[in-house]
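Everything below concerns the one structure shown next.
Lettering follows sequence order; numbering is per chain, from 1.
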There are 2 protein chains.
Amino acid sequence: MAKLTSDLMRGHSDTMILKLLQEQDMYGYEIIKEIYKRSNEQYELKEVTLYASLRRLVTEECILAYWGDESKGGRRKYYSLTETGLSRYENNHADWIYSKSIIDKLV
Amino acid sequence: MAKLTSDLMRGHSDTMILKLLQEQDMYGYEIIKEIYKRSNEQYELKEVTLYASLRRLVTEECILAYWGDESKGGRRKYYSLTETGLSRYENNHADWIYSKSIIDKLV
DNA sequence: CAAGGTACTTTATCAGATATAGTACTTTTG
DNA sequence: CAAAAGTACTATATCTGATAAAGTACCTTG
């Protein structure tokens, strides 16, 4: 049974997040759920991994964080894409296409 | 310019090595050269990464190591594939195909 | 009210990678 | 012949995106 090892999935969380935020702003937990859904329930980005990635992307000004204005329920931290983030996504995506072609030659 | 980041290439060194050893026994440095060649000089597996990977594969009985019997030149450590190694390759390759399809959905 | 779910955060640890440096031998160059 | 460069392998230290475990705060359900 083939599996998604953390080594093979490593380095992709930023790109996955940036991809989703191109469509609309999302809060953290929602990002996890959407990734799980889009992978046909095959891949679950861990919460710690997600929030670490979000924190790093904020630091690098690829995304902006802001608290939702919910009056009920827990507060949700939303994230939105920046121009820097869009560029980062494009670079990361190009890197993936390129890496994939090289790996395919070698494995 | 797209590049091969270590995070994206991570987790593939074992599989690359096992692939090559299916064709014939090779010594360490030769493996590096062959990978460099087969990637059209796009990817160079670092020596420290290679030997760490080889050591790990030997420990896991995926390959066997033996010294060449050169009478001239430095001694060369050769590696040969085992049945366990062949299975490992097949599992790793299946993991790659599977991972690739999921990543393609998400990035 | 307790259990479970949602949502976010903190700390500690892991392991495949890199950086740096080393040893030993041969070949090439001046 | 010596120095430089190349080939071949090994050792130690560090990095960092990941995971494990645990935490806080609020809502919903039984």
Next item on the list: Measure from CG on Leu8(A) to P on dG17(D) and round the result to the nearest Å.
Entry: 17 Å
Next item on the list: Map Met9(A) and Tyr79(B) onto DNA chain D by nearest heavy atom, then report which one ends up closer to the 5' terminus.
Entry: Tyr79(B)
Check: What integer distance in Å separates Glu47(B):CD from dT10(D):P?
Finding: 11 Å
Check: Is the CD atom of Glu60(A) crowded by more than 12 outside heavy atoms at less than 6.0 Å?
Finding: yes
Note to self: Are Lys100(A) and Lys105(A) packed together at the side-chain level, in the sense that at least one heavy-atom pair is separated by less than 4.5 angstrom?
What the structure shows: no
Note to self: Rounded to whole Å, how long is the line connecting atom CD1 of Ile17(B) with atom P of dG16(C)?
What the structure shows: 12 Å
Notebook entry, point to check: Do Ile31(B) and Leu50(B) touch side chain to side chain, with heavy atoms closer than 4.5 Å?
Noted result: yes
Item checked: side-chain contact (heavy atoms from CB on, under 4.5 Å) partner of His12(A), chosen from Leu8(B), Asp7(B), Leu106(B), Ile102(B) -> Leu8(B)
Item checked: Quiz item: Arg10(A) side-chain donor-acceptor pair to dT16(D) base, under 3.5 Å -> yes
Check: Rounded to the nearest 0.5 Å, how far does CG of Leu4(A) lie from CG of Asp95(B)?
Finding: 8.0 Å
Notebook entry, point to check: Counting side-chain heavy atoms from CB outward, which of dG17(D), dC9(D), dT9(C) is closest to Lys77(A)?
Noted result: dT9(C)
Next item on the list: Rounded to the nearest angstrom, tell me the gap between atom CG in Leu4(A) and atom C1' in dA18(D).
Entry: 14 Å
Check: Do Gln42(A) and Tyr98(B) have side-chain N/O donor and acceptor atoms under 3.5 Å apart?
Finding: yes
Checklist line | Integer-rounded Å distance: dT10(D) C1' and Tyr27(B) OH | finding: 17 Å
Checklist line | Out of dA17(C), dA18(D), dT7(D), whichever nucleotide has its closest atom nearest the side chain of Thr49(A) | finding: dA18(D)
Item checked: Selection from dT11(C), dA19(C), dC9(D) that lies nearest to any side-chain heavy atom of Lys46(B) -> dA19(C)
Notebook entry, point to check: Applying the ring pair (Phe, Tyr, Trp, His ring centres under 6.0 Å) test to Tyr27(A), which of Tyr78(A), Tyr66(A), Tyr51(A) qualifies?
Noted result: Tyr78(A)
Next item on the list: Calculate the interatomic distance between Tyr51(B) atom OH and dT23(C) atom C1'; express it in whole Å.
Entry: 13 Å
Notebook entry, point to check: Would you call Asp104(B) and Trp96(A) a side-chain contact if the rule is heavy atoms closer than 4.5 Å?
Noted result: yes
Checklist line | Out of dG16(C), dT18(C), dT10(D), whichever nucleotide has its closest atom nearest the side chain of Arg55(B) | finding: dT10(D)
Notebook entry, point to check: Where each residue is assigned the nucleotide of DNA chain C containing its nearest heavy atom, which of Leu50(A) and Asp7(A) is assigned the position nearer the 5′ end?
Noted result: Leu50(A)
Notebook entry, point to check: Heavy atom of residues 31-41 of chain A under 4.0 Å from DNA chain D: which residues?
Noted result: none
Notebook entry, point to check: With sugar-phosphate meaning primed atoms plus P, OP1 and OP2, does Ser13(A) contact a base, only sugar-phosphate, or nothing at under 4.0 Å between heavy atoms?
Noted result: sugar-phosphate
Check: Arg75(A) CZ to dC26(D) P: how many Å, rounded?
Finding: 10 Å
Check: Of the nucleotides dT9(C), dC8(C), dT10(D), which has the atom closest to the Val48(A) side chain?
Finding: dT9(C)
Check: Which one, dA8(D), dT18(C), dA18(D), comes nearest to the side chain of Arg56(A)?
Finding: dA18(D)
Check: In whole Å, what is the span from the CZ atom of Arg76(A) to the P atom of dA7(C)?
Finding: 5 Å
Check: If you pin Glu30(B) and Leu45(A) to their nearest nucleotides in DNA chain D, which one's is more 5'?
Finding: Glu30(B)
